[in-house]
Amino acid sequence: MKTTFPQKLARGAVYALLLIVFCGPFWGILATAFSKTTVQPGQLLIWPDQPTFDHFIYAWTEVKAWIYLFNSLLVVAIGTVLQTTVSALAAYALARKKFRGAAFISLAILSTMMLPDEVISIPLYLILHQKLPLLGVSIYNSYAALILPLVGWAFSVFLLTEFMKAVPRDLEDAARVDGANEIQIFLKVIVPLVKPALGTTTIFGFLMIWDQYLLPLIAVDDRSLYTIPVVLRSLRVDEIMQQNIFIAVTVIATVPCIVVYLLLQKQFNRGLMSGAVKG
Amino acid sequence: MGSVSLKNVSKSFGAVKVIHDVSLEIEEGEFCVLIGPSGSGKSTLLRIIAGLEDVSAGNISIGDRQVTDLPPKHRDIAMVFQTYALYPQMTVRENMGFALKLAGMPKAEINAKVTDVARMLELDQLLERLPKELSGGQRQRVSMGRAIVRNPSVFLFDEPLSNLDAKLRVQVRGEIADLHRRLQTTSVYVTHDQVEAMTLGQKIVVLKDGRVEQVGRPLELYDDPVNTFVASFLGTPSINLIEADVTGASDACAARLPDGTEVKLGKNNGCMPGQKIFFGIRPEHARLSLEDQPGAIRARIHAVENTGSDMVILNEAEGFRITAAFKEQRALEPGASVSILPDPAKIRIFDAATGKRIRRGEDA
Ligand SMILES: Nc1ncnc2c1ncn2[C@@H]1O[C@H](COP(=O)(O)OP(=O)(O)OP(=O)(O)O)[C@@H](O)[C@H]1O
Ligand SMILES: [Mg+2]
């Protein structure tokens with residue numbers, strides 16, 4: 001099909017608009033974080049002014065952003081691995097194994113998706129304070145409190161269940177005849193076939209854990225256990241803190257997301273696509 | 001040791017019983033075909049032998065080992081699936097070597113075995129490909145290769161040819177027969193195609209509704225079926241079964257067909273005068289002629305099916321239809337009057353009520 005000049009122009013305009021809408025704020029944040037000129041809360045610079053690294057240096061040394069970055073990275077790394085593992089195993093059981101109460105468990109998991117975080121925050125707070133049997137301590141105010149509540153996630157369980165249901169049973173039977181045990185069937189037959197879906201749930205899981213705000217608020221008390229979102233919030237309401245520094249921390253908080261996305265981009269797109277085709 | 005023996009095997013899924021008290025002996029090295037209509041329990045029985053389904057009752061042994069409670073991997077069997085069930089993410093080489101790898105065989109040895117079998121099946125050019133890069137026939141071959149590499153005591157096949165086109169099916173059928181001649185491995189082969197059963201099987205087991213109807217060599221079942229089900233299941237075009245009454249004295253009965261024709265059944269045929277029977281004659285045993293013959297069935301040609309090698313003539317007599325088939329080419333047109341003479345030695349009669357074969361010298 002031939003495109004005329006006005007059509008090209010119109011298309012270009014739409015692209016430009018989208019670019020401004022999606023990348024504009026991001027550009028503003030970068031420009032502000034690297035400028036000496038200070039801004040008021042709610043303001044962003046459009047053009048960098050007197051470029052400098054000062055805000056980053058301050059954020060790193062004085063605000064000690066690295067502590068929170070480390071906390072966030074640790075929580076998200078362990079959390080994502082555990083969450084994906086648990087989801088995949090749960091999904092395999094739901095997709096393939098017949099057991100008493102399977103329908104009920106499925107429903108119970110599903111129902112957790114219907115409750116907003118705010119509703120469960122008080123029960124969760126109480127549970128985190130419960131002393132564990134045998135050990136006699138609670139996990140409140142520890143990394144475990146930041147991670148464990150996120151390990152079971154209905155969304156990824158259900159997404160993976162649907163993908164695993166689509167794996168032909170004959171493959172499992174063939175593997176069984178070939179001498180594979182249950183673990184080997186899971187790891188060598190099922191998992192490789194749902195890899196795109198695993199890529200998707202990993203990225204969504206990563207973002208979900210990275211963005212946690214309410215949970216760290218109720219799970220820890222110690223400032224040294226804060227994660228980036230919690231610190232951002234406290235910096236935002238900090239009267240003396242310069243706005244540019246707050247924004248520099250924001251930039252630091254964004255970097256891991258971008259890196260993970262770029263690393264898993266192919267898997268991510270494929271997972272979304274295959275999900276779309278399957279309907 | 002590769003004989004397979006089932007003793008009083010039953011299987012229920014929940015409240016539904018799908019295999020009823022099946023006993024079966026398959027000799028070492030034998031090629032045994034399980035045949036029956038859809039839903040008759042062929043796959044279930046095969047999966048029971050494989051250990052993919054447990055039994056509700058009964059015993060299974062392979063060789064001299066009881067395997068009833070053993071998982072598939074300890075039964076020393078290999079299986080070829082209807083869908084081939086190749087692992088999509090593994091190459092042909094990895095697919096074929098998977099079982100050996102799980103068994104902990106050294107890499108070099110696996111490679112040697114896989115290469116050997118691949119050469120035998122003419123897959124050596126395809127070893128590095130993924131299943132999705134193969135044609136249906138090649139996939140089928142890989143799935144057989146995967147079974148052969150393991151050198152099991154029993155091969156199990158579940159309709160391995162049903163996803164191939166007609167021509168390829170005949171070719172691969174021949175290859176499976178060759179393979180069995182060469183390897184002499186006990187095989188259990190499920191199909192619902194009677195040509196496959198007749199050409200491949202040394203022993204055929206006819207199943208219906210989870211029960212064994214008859215077991216025997218192919219021609220035994222063909223010539224000597226125990227009931228109307230087995231008689232009509234084997235052979236294309238299928239056997240003519242015509243409702244008839246038995247007349248005459250008990251030592252010289254005849255069958256009176258619906259059009260009044262009386263066909264002598266010979267002496268001591270086991271039937272009683274007045275009994276209702278099915279008069280069975282295979283199309284190839286019904287001689288057809290254009291001239292009037294004494295004692296023949298008078299009919300009119302309804303349709304002519306000519307495959308080039310066979311002529312099948314569908315005829316309408318008064319009150320029933322009768323098919324005749326022969327090899328030679330003859331000029332026959334629908335509408336022509338013909339007389340049909342069943343070969344007396346090939347007539348088989350069955351009790352109309354039970355469908356059971358009525359044999360010579362037996363009480364009805
Ligand atoms: N997992 C199962 N749960 C419940 N019923 C089953 C199951 N598998 C098979 N059946 C039932 O058992 C009976 C025999 O099935 P089977 O698959 O063995 O038939 P088949 O002879 O292989 O048929 P086909 O020629 O169509 O493959 C059928 O009535 C089927 O519905
Ligand atoms: Mg079947």
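Side chains are part of it too, since the values below use all heavy atoms of this structure and drop only hydrogens, waters and symmetry mates. Sequence lines set the chain letters: A, B, ... in the order given, protein chains first and strands last, and positions in each chain run from 1.
- In this structure, Glu122(B) places its CD atom where only 12 or fewer heavy-atom neighbours from other residues, nucleotides or ligands lie under 6.0 Å away.
- Proximity of Thr83(B) to Pro168(A): side-chain heavy atoms (C-beta onward) are nowhere separated by under 4.5 Å.
- Rounding to the nearest 0.5 angstrom, the gap separating the CG atom in Leu52(B) from the CD atom in Glu172(A) is 10.5 Å.
- For the pair Tyr87(B) (side chain) and Ala175(A) (backbone), a donor-acceptor distance under 3.5 Å is present.
- More than 12 heavy atoms of other residues, nucleotides or ligands lie within 6.0 Å of NZ in Lys97(A), so this atom counts as buried by the packing criterion.
- Residues Met90(B) and Lys188(A) come closest through the heavy atom pair CE-O, 3.9 Å.
- Residue contact with chain A, scored on non-hydrogen atoms closer than 4.5 Å, involves the backbone and the side chain of Ile77(B) alike.
- In this structure, chain A has no heavy atom under 4.5 Å from any part of Leu156(B).
- Taking every heavy atom of both residues into account, Arg176(A) and Pro72(B) meet most closely at O-CB, 3.8 Å.
- Checking each of Val177(A), Asp173(A), Asp170(A) against Met79(B) for a side chain to side chain contact (heavy atoms under 4.5 Å, CB included) leaves exactly one that passes, namely Val177(A).
- Atom CZ of Phe22(A) is surrounded by 12 or fewer heavy atoms from other residues, nucleotides or ligands within 6.0 Å.
- Heavy-atom contacts from other residues, nucleotides or ligands closer than 6.0 Å to OH of Tyr213(A) number more than 12.
- For Ile183(A), the CD1 atom counts as loosely surrounded, since its 6.0 Å shell holds 12 or fewer non-hydrogen atoms of other residues, nucleotides or ligands.
- In Lys101(B), the NZ atom is not crowded: 12 or fewer heavy atoms of neighbouring residues, nucleotides or ligands sit closer than 6.0 Å.
- With salt bridges taken as basic N to acidic carboxylate O contacts below 4.0 Å, one links Arg150(B) and Asp178(A).
- Counting only distance, with no hydrogens or angles, the side chain of Gln89(B) and the backbone of Val191(A) share no donor-acceptor pair below 3.5 Å.
- For a residue to count as touching a neighbouring chain, one of its non-hydrogen atoms must lie under 4.5 Å from one of that chain's; by this rule Ala78(B) touches chain A with the backbone only.
- Heavy-atom pairs under 4.5 Å with chain A peak, among Gln82(B), Arg146(B), Arg75(B), at Arg146(B).
- Heavy atoms closer than 4.5 Å to chain B are found in both the backbone and the side chain of Leu171(A).
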